[in-house]
Amino acid sequence: MERLDELSKLLAASVSRRESLRSIGVVLAGAALSTLGLGTAWAARPDRCTAFCRWCPGRMRRNQCLAACRACNGNTSRLCGSCGNYVCCPTSAACCNGTCTDLYSDPYNCGACGYVCPAGTVCVSGSCAACIFPFIPCGGVCVDPTSDRYNCGGCGQQCADTEACIGGFCEGGGGGQCPPGFTYCDPSCVDLSSDSFNCGACYKQCAPNEVCAGGVCQGFE
């Protein structure tokens with residue numbers, strides 16, 4: 001009887017293992033089918049560009065929208081404009097009032113759309129900053145009105161080609177030559193020590209968040 005009991009226990013244990021293996025197989029098969037189903041559902045999802053542009057009236061406008069969306073690799077958050085004139089903004093820009101805007105340097109959208117820098121400041125790296133005296137803000141950048149021939153004595157006051165800005169006044173060198181201390185960088189005379197567009201050498205331009213001092217581009221805060 002004892003041996004029969006032991007055999008029964010073994011058979012019972014054996015059946016239990018088979019049942020367990022069969023159950024595991026069912027679970028694995030179900031998981032595989034479930035994964036296949038999810039992949040099929042994902043592949044069947046609508047194209048983002050098609051879904052975004054489907055509301056544009058007319059084939060030409062839809063095609064223009066699709067072309068701009070493709071240029072953004074399907075990232076609709078970078079699209080700016082409206083049907084027929086969408087553009088793909090650079091990753092460093094944001095869409096403000098339908099225009100791609102650099103939030104790091106635009107004084108009218110500094111750090112965020114619609115944030116205007118106070119008077120006397122410029123936008124540097126997304127924050128409003130004051131220019132260092134004697135520099136003043138002109139066109140969103142800091143310039144030296146005492147030597148900048150494009151803003152001589154004030155913003156927008158440009159000297160003639162044969163003139164240089166000295167002490168805030170446009171002065172000629174006579175005979176078509178540049179005044180002493182100035183260098184001719186086609187098409188005009190410039191001061192290489194303070195000209196942000198020709199800093200230290202002709203056509204060497206400083207970054208928007210830099211000024212030219214002593215012929216070297218220097219950052220400011």
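- Distance CZ/F135 to CG/N151: 12.0 Å, rounded to 0.5 Å.
- Between C123 and C117 the SG-SG gap reaches or exceeds 2.5 angstrom.
- The distance from atom CZ of F182 to atom CZ of R149, rounded to the nearest 0.5 Å, is 10.5 Å.
- Residues C202 and T183 meet the side-chain proximity criterion, which asks for heavy atoms closer than 4.5 Å.
- Minimum heavy-atom separation, P145 to P134: CD-O, 3.2 Å.
- Atom CZ of F133 has 12 or fewer heavy atoms from other residues, nucleotides or ligands within 6.0 Å.
- The disulfide (SG to SG under 2.5 Å) with C159 is formed by just one residue from the set C165, C170, C152; it is C170.
- Here C69 contributes atom SG and N75 contributes atom CG; the two are 8.0 Å apart, rounded to the nearest 0.5 Å.
- When the SG-SG distance for C217 and C199 is compared with the 2.5 Å cut-off, it comes out at or above that value.
- C95 has its SG atom within less than 2.5 Å of the SG atom of C80.
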Can T99 and N97 be said to form a side-chain hydrogen bond (donor to acceptor under 3.5 Å, both in side chains), step by step?
CA-CA 6 Å; T99 303; N97 294 323; over 6 Å; no

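- A salt bridge links D47 with R70: at least one charged nitrogen is closer than 4.0 Å to a carboxylate oxygen.
- Here the side chain of D102 pairs no donor or acceptor atom with the backbone of A93 at under 3.5 angstrom.
- Atom CG in L103 sits 9.0 Å away from atom OG in S92 (nearest 0.5 Å).
- The distance from atom SG of C49 to atom CG of L66, rounded to the nearest 0.5 Å, is 6.5 Å.
- For the atom pair OH of Y150 and CZ of F197, the computed distance is 7.5 Å after rounding to the nearest 0.5 Å.
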In sequence, state the C-alpha distance, the side-chain angles, and the governing distance for C72 and L79, and then conclude on side chain to side chain contact (heavy atoms under 4.5 Å, CB included).
CA-CA 7 Å; C72 284; L79 289 176; 4.0 Å; yes

Apply the test side chain to side chain contact (heavy atoms under 4.5 Å, CB included) to residues T91 and R78: give CA-CA distance (whole Å), side-chain angles for both, the deciding distance (0.1 Å), then the verdict.
CA-CA 7 Å; T91 54; R78 291 172 54 194; 3.8 Å; yes

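- Under the 4.5 Å side-chain criterion, counting only non-hydrogen atoms from C-beta, V87 is in contact with C100.
- Summarising the local packing, OH of Y115 is surrounded by 12 or fewer heavy atoms from other residues, nucleotides or ligands at distances under 6.0 Å.
- A donor-acceptor pair under 3.5 Å is absent between the side-chain atoms of E210 and the main chain of Q218, judged by distance alone.
- Closest of all the heavy-atom pairs between R62 and R54 is CD-O, 4.0 Å.
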Evaluate C83 against C65 for side chain to side chain contact (heavy atoms under 4.5 Å, CB included), listing each step before the verdict.
CA-CA 6 Å; C83 290; C65 176; 5.7 Å; no

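- For the residue pair L192 and C212, the shortest heavy atom distance occurs at O-SG, 3.8 Å.
- With 2.5 angstrom as the limit on SG-SG distance, C110 and C128 do not come in below it.
- When all heavy atoms of C185 and V190 are compared, the pair lying nearest together is SG-CG2, 3.6 Å.
- Counting Ile, Leu, Val, Met, Phe, Trp and Tyr side chains that sit under 4.5 Å apart, directly or through other members, V141 shares a hydrophobic cluster with I136, V143.
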Before you tell me yes or no, could you show the steps for T50 and C53 under side chain to side chain contact (heavy atoms under 4.5 Å, CB included), namely the whole-Å CA-CA distance, both residues' side-chain angles and the distance that decides it to 0.1 Å?
CA-CA 5 Å; T50 301; C53 299; over 6 Å; no

